[in-house]
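Just so we're on the same page: letters track the sequence lines, and every chain starts at 1.
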Amino acid sequence: MGKSRTTTQSGVGRPLSRAFFARDPRRVARELLGKVLVRQTEREFLAARIVEVEAYLGEKDPAAHAAAGRTARNAVLFGPPGHAYVYFIYGNHYCLNVSCEAEGKAGCVLFRALEPLFGVEDMARNRGVKVWSLGDLPYLTSGPGRLAEAFAITRARDNGCDLTSAASGLWIADFGDRPRHIRVTPRIGISKASDKRLRYLVEGSPFVSGR
DNA sequence: ATATCGATTATCT
DNA sequence: GATAATCGATATG
């Protein structure tokens, strides 16, 4: 048996390519909807479908961490595409991004909400909450801080990790899912450039954050 | 249902 | 010293 041509249709999925991320963050953000974030460690296997993201446009975007140029914190954004940019905010939360565009350009996509597919028990443990009913599932992965906690993502462990390689233990897989309807709205929680519509979400998903 | 606020710290001015 | 791409708790209608 050779390599299957239909890997994207199978139950295995395959990591997105470097080329997928080497594009405009708006394009990457839209196409990330329906893809699957996967975490594999000795302890756990977690998978969740991406249902809400935001695009950040690099140095020309006042709301982006790269707006003031390269610093020690945001260095990953200026590196090659497809790598995790993890930052710590409000003294409490980590947030996960993936770097986009060619090396030297600092665009990225922020992961804002996921739909749990596998490893719900472990996500609940990582979050420190109990899941009593299906209605509690969004508390695991709706919101950038929550999803990062559910996946046990930290800056020390995950910043700079290669999201196009399963060998990294954290990657993004394509299972061939294409959301029916995508909505585009202004970004959440920012004060600058808050009029730009750069938030992309799967219409009708109960797992999106906010209203 | 919406509004306001405190927590808590890395990062930058 | 001020700020921040958030969350969860509390208060109020």
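Per the geometry, CG belonging to Asn74(A) stands 20 Å off P belonging to dT3(C), to the nearest Å. Across the protein-nucleic acid pair, Glu149(A) atom CD and dA7(B) atom C1' stand 14 Å apart, rounded to whole Å. Whole-Å rounding puts the Leu110(A) CG to dT6(C) C1' distance at 11 Å. Following rounding to the nearest Å, Ile188(A) (CD1) and dC7(C) (P) show an atom-to-atom distance of 11 Å. Spacing between atom CD of Glu54(A) and atom C1' of dT6(C) amounts to 12 Å, rounded to whole angstrom units. We find that CZ of Arg146(A) is positioned 12 Å from C1' of dA9(C), with the value rounded to whole Å. Going from atom CZ of Arg187(A) over to atom P of dA5(C) covers 10 Å, rounded to whole Å. Taking atom NE2 on His65(A) and atom C1' on dA10(B), their separation rounds to 11 Å, with Å as the unit.
Taking only side-chain nitrogens and oxygens, Arg127(A) never comes nearer than 4.0 Å to OP1 or OP2 of dC7(C). Side-chain N/O atoms of Arg112(A) include one lying less than 4.0 angstrom from OP1 or OP2 on dT6(C).
In terms of position on DNA chain B, the residue among Ile89(A) and Ala72(A) whose nearest nucleotide sits closer to the 5' end is Ile89(A). In this structure, Tyr139(A) and Tyr56(A) both approach DNA chain C, and ranking their closest nucleotides by distance from the 5' end singles out Tyr56(A). In this structure, Lys192(A) and Gly143(A) both approach DNA chain C, and ranking their closest nucleotides by distance from the 5' end singles out Lys192(A).
Not a single donor-acceptor pair under 3.5 Å links the side chain of Asp136(A) to the backbone N or O of Val131(A).
Classified by interplanar angle (parallel below 30°, tilted 30° to 60°, perpendicular above 60°), the ring pair Phe118(A)/Phe45(A) is perpendicular.
Nearest to the side chain of Phe88(A), among dA7(B), dT9(B), dT13(B), sits dT9(B). Checking dA4(C), dT6(C), dT9(B) against every side-chain atom of Ser191(A), the shortest atom distance belongs to dA4(C). Residue Arg73(A) has its side chain nearest to dC12(B) when only dA5(C), dT8(B), dC12(B) are considered.
By the neighbour-count criterion of 12 heavy atoms within 6.0 Å, atom CD of Glu203(A) is densely surrounded, having more than that number from other residues, nucleotides or ligands.
Stacking between Tyr87(A) and dA5(C) is absent: the aromatic ring centre is not both under 5.5 angstrom from the base six-membered ring centre and within 30 degrees in plane angle.
Within 4.0 Å (heavy atoms only), Gly145(A) reaches sugar-phosphate atoms of the nucleic acid but no base atom.
Comment: Arg27(A) does not engage Asp24(A) in a salt bridge, judged by the lack of any side-chain N to carboxylate O separation of less than 4.0 angstrom.
A cation-pi arrangement is found for Arg23(A) relative to Phe20(A), the charged atom lying closer than 6.0 Å to the ring centre and inside a 45° cone about the ring normal.
dA7(B) and dT6(C) make up a base pair, with Watson-Crick or G-U wobble contacts both under 3.5 Å.
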